[in-house]
Peer 1: 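I have a structure here, written as structure tokens, and I will follow up with some questions on it.
For reference, positions follow the sequence shown, starting with 1. Order of appearance sets the numbers: ligands from 1, and atoms from 1 within every ligand. Only a predicted model underlies this, so the values are computations on that prediction, with no experimental measurement involved.
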Amino acid sequence: MKIGIIGGGAWGTTLGQTLIDNGHEVLIYDINIQAVEKINQHRHPFFDTILPDSEKATTDLKEVIDFAEYFILSVPTKAVRFVLKEMNLLLNKKVTFINVSKGIEPETLKRVSEIVEEEISTDHLNGFVVLTGPSHAEEVILRKLTLLVSSSKSIELAKEVQMIFSNDQYLRVYTSTDLIGCEFGGAVKNAIAVISGACTGLGLGENARAAVITRGIIEIVRVVELMGGKRDTAFGLTGIGDLIVTASSENSRNFSAGKKIGQGISIEQIYAEQKQTIEGIRTIEALHHLSQVYHIDLPMINVAYEIIQNKLSVEDALPKLLSRDLKSEDF
Ligand SMILES: NC(=O)c1ccc[n+]([C@@H]2O[C@H](COP(=O)([O-])OP(=O)(O)OC[C@H]3O[C@@H](n4cnc5c(N)ncnc54)[C@H](O)[C@@H]3O)[C@@H](O)[C@H]2O)c1
């Protein structure tokens, strides 16, 4: 099968290697010429790894569109709408999107599947699948065991993508039809990972991390259920699974960004130092907006929002959370 990859960063380039391992052909599109050149020299743009000879990249979007009928979306969520508009102008056939970006649009609160439906005309849209779950690119590039979920409103499409990515060496993919639960789970966990990192930056320990992860899953469940997803999805790979890997690892850019926030480094400086995507900070903004619109209680996320807006110091965040009304944990 021929698969186009839109975004040749850490994750897109890594998935390209997996697809080639599984016998598929890939062509990557990226606006960053340095990344494209590196891939064409068989070097991963972010990791010290040699890529398969057949993994190629281009800065020409039309070339990728002509090449494939399946497209992986692996650009940051904030670039998704822009790139889809460009694709819609160039498309002259029906294609399937496999989204791996994890986020929601802060202004519209839209998931990526909804953005695809808005931007790609029905004449060009065959279907949408999200491929998500606990997956550091740093490990998948080394072919270390990883489990993912392929979710779509269409179980046939979800199964197709399950087959495309699964292998008996290191990658096993489950299916799901709870697209809303999978998309929100993958987005909210990045916000919680920033908060978990902030606790570490503040000098708190493993007790605090366990508390943030556990109460974080409650915030994920609230969002998933409110938006029409299934509670059980939040307790699977795409919710708690992805939360554990992201909220407890220095490999995570979201965790690392949070750690810097906890150390008192400004958001502006964090963005200046980290050129790669940090979805969690933008997702905190989106979830704060969501909690205002739907009047839903997301205490950790809303305190994190005040910090990133410079309305609350990191030192004052804990007393603010701890002085809330005492509650029961009975579910
Ligand atoms: N890195 C991981 O381990 C991982 C794992 C699972 C999911 N994800 C998700 O995948 C998405 C991408 O993450 P990443 O780590 O690969 O980020 P990255 O910053 O390493 O790569 C993003 C790439 O997109 C390119 N890009 C940006 N705007 C573009 C545009 N308009 N057109 C074409 N290319 C454009 C950039 O040049 C860059 O090469 C994020 O939403 C992230 O949450 C990442």
Side-chain angles (χ1 to χ4, degrees), residues 4-18 27-39 43-47 49 57-65 71-90 97-105 111-112 115 119 130-142 144 146-150 165 171 173 182-194 237-238 241-243 245-246 249-257 271 273-283 286:
I5 300 178
I6 310 298
W11 194 215
T13 306
T14 298
L15 287 173
Q17 175 178 270
T18 296
L27 183 60
I28 297 173
Y29 163 72
D30 203 291
I31 41 168
N32 179 345
I33 187 137
Q34 282 88 22
V36 167
E37 279 172 359
K38 250 189 142 178
I39 294 166
R43 308 289 312 195
H44 194 291
F46 296 107
F47 310 133
T49 349
T58 175
T59 52
D60 181 355
L61 183 56
K62 172 126 183 28
E63 194 185 341
V64 180
I65 286 183
F71 292 94
I72 295 179
L73 285 174
S74 47
V75 292
T77 316
K78 67 171 186 238
V80 163
R81 195 180 281 281
F82 173 79
V83 83
L84 287 171
K85 276 187 201 293
E86 285 190 312
M87 289 184 79
N88 193 48
L89 291 175
L90 295 168
F97 287 92
I98 305 168
N99 176 53
V100 299
S101 304
K102 293 173 179 170
I104 42 180
E105 211 170 41
R111 292 169 283 122
V112 174
I115 301 174
E119 297 299 339
V130 62
L131 184 70
T132 180
S135 46
H136 286 317
E138 289 84 346
E139 295 186 11
V140 178
I141 198 71
L142 299 175
K144 291 189 178 181
T146 302
L147 306 188
L148 294 175
V149 175
S150 156
F165 281 91
L171 198 70
V173 182
C182 289
E183 288 188 280
F184 271 108
V188 184
K189 64 91 194 176
N190 280 336
I192 305 293
V194 172
L237 289 165
T238 66
D242 211 352
L243 180 63
V245 81
T246 317
S249 166
E250 304 272 341
N251 262 345
S252 158
R253 273 176 244 144
N254 295 294
F255 181 91
S256 301
Y271 277 132
E273 285 169 6
Q274 174 58 270
K275 298 288 175 224
Q276 281 185 275
T277 315
I278 311 168
E279 294 279 13
I281 294 177
R282 195 167 176 263
T283 306

Peer 1: Would you say P76 contacts ligand 1, with heavy atoms under 4.0 Å as the rule?
Peer 2: yes
Peer 1: For ligand 1, which atoms, with element, lie under 4.0 Å from some heavy atom of E279?
Peer 2: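 Reading through ligand 1 atom by atom, the close ones are 40 (C), 41 (O), 43 (O).
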Peer 1: Nearest non-hydrogen contact with atom 28 (N) of ligand 1 belongs to which option: A79, S135, G186?
Peer 2: A79
Peer 1: Search all heavy atoms of V245 against all heavy atoms of S135 and return the closest pair with its distance.
Peer 2: CG1-N, 4.1 Å
Peer 1: Consider ligand 1: state whether an atom of it lies below 4.0 angstrom from any non-hydrogen atom of R253.
Peer 2: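 Right, R253 reaches ligand 1.
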Peer 1: Of all the atoms in ligand 1, which lie at a distance below 4.0 Å from a heavy atom belonging to G8?
Peer 2: 39 (O)
Peer 1: Just so I know, are the side chains of L27 and T58 near enough to count as touching, which here means a heavy-atom distance under 4.5 Å?
Peer 2: yes
Peer 1: Tell me whether A35 has any N or O atom under 3.5 angstrom from an N or O of ligand 1.
Peer 2: no
Peer 1: With heavy atoms of S74 as the reference, note each atom of ligand 1 found under 4.0 Å away.
Peer 2: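 Heavy-atom distances to S74 below 4.0 Å select 12 (C), 22 (C).
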Peer 1: Under 4.0 Å from a heavy atom of F46: which atoms of ligand 1 are those, numbered in the order shown and with their elements?
Peer 2: 20 (O)
Peer 1: Among D242, T238, N190, T77, find the one that has a side chain to side chain donor-acceptor pair (under 3.5 Å) with K102.
Peer 2: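 That would be D242.
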Peer 1: Evaluating non-hydrogen atoms only, which member of T277, V36, L148 is closest to atom 13 (O) of ligand 1?
Peer 2: T277
Peer 1: For a quick test of reading the model, state the closest non-hydrogen atom pair linking R253 to I278 and the distance between them.
Peer 2: O-CG2, 4.1 Å
Peer 1: Hey, are the side chains of E119 and M87 touching, using non-hydrogen atoms and a 4.5 Å cut-off?
Peer 2: no
Peer 1: Between CZ of R43 and CD of E37, what distance do you get to the nearest 0.5 Å?
Peer 2: 14.5 Å
Peer 1: Would you say S252 and H136 are linked by a side-chain donor-acceptor pair, where the criterion is simply a distance under 3.5 Å?
Peer 2: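 No, no side-chain donor-acceptor pair sits under 3.5 Å.
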Peer 1: Heavy-atom contacts with Q276 under 4.0 Å: which atoms of ligand 1 show up? List them by number with element.
Peer 2: 18 (P), 19 (O), 20 (O)
Peer 1: Does F82 CZ have over 12 foreign heavy atoms under 6.0 Å away?
Peer 2: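 Counting other residues, nucleotides and ligands, CZ of F82 stays at 12 neighbours or fewer.
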Peer 1: Is the shortest side-chain heavy-atom distance between V64 and F71 below 4.5 Å?
Peer 2: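 With C-beta onward as the side chain, the pair touches.
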Peer 1: Less than 4.5 Å apart, side chain to side chain, heavy atoms only: is that true for T14 and F47?
Peer 2: yes
Peer 1: Which atoms of ligand 1 are found less than 4.0 Å from any heavy atom of A137?
Peer 2: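 Close to A137: 1 (N), 2 (C), 3 (O).
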Peer 1: With the side chain counted from C-beta on, respond yes when L237 and P134 share a heavy-atom pair under 4.5 Å apart, and no when they do not.
Peer 2: yes
Peer 1: If you count the atoms of ligand 1 from 1 in the order shown, which ones are under 4.0 Å from a heavy atom of N32?
Peer 2: 37 (O)
Peer 1: When you compare ligand 1 with F82, is there at least one nitrogen or oxygen pair between them that comes in under 3.5 angstrom?
Peer 2: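 Checking ligand 1 against F82, no N or O pair falls under 3.5 Å apart.
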Peer 1: Would you say ligand 1 has an N or O under 3.5 Å from any N or O of E138?
Peer 2: no
Peer 1: Does any non-hydrogen side-chain atom of L61 lie less than 4.5 Å from one of I6?
Peer 2: yes
Peer 1: At less than 4.0 angstrom from any non-hydrogen atom of V100, what atoms of ligand 1 do you find?
Peer 2: 7 (C), 8 (N), 9 (C), 10 (O)
Peer 1: Could you tell me whether some N/O pair between H136 and ligand 1 is separated by less than 3.5 angstrom?
Peer 2: no
Peer 1: Just distances here: any N/O of D30 and N/O of ligand 1 closer than 3.5 Å?
Peer 2: yes
Peer 1: Please state which option from W11, F47, Y29 has its nearest heavy atom closest to atom 32 (N) of ligand 1.
Peer 2: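 Comparing heavy atoms across W11, F47, Y29, the nearest one to atom 32 (N) of ligand 1 lies in Y29.
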Peer 1: Using a plain distance cutoff, I'd like to know if K275 has any nitrogen or oxygen under 3.5 Å from a nitrogen or oxygen of ligand 1.
Peer 2: no
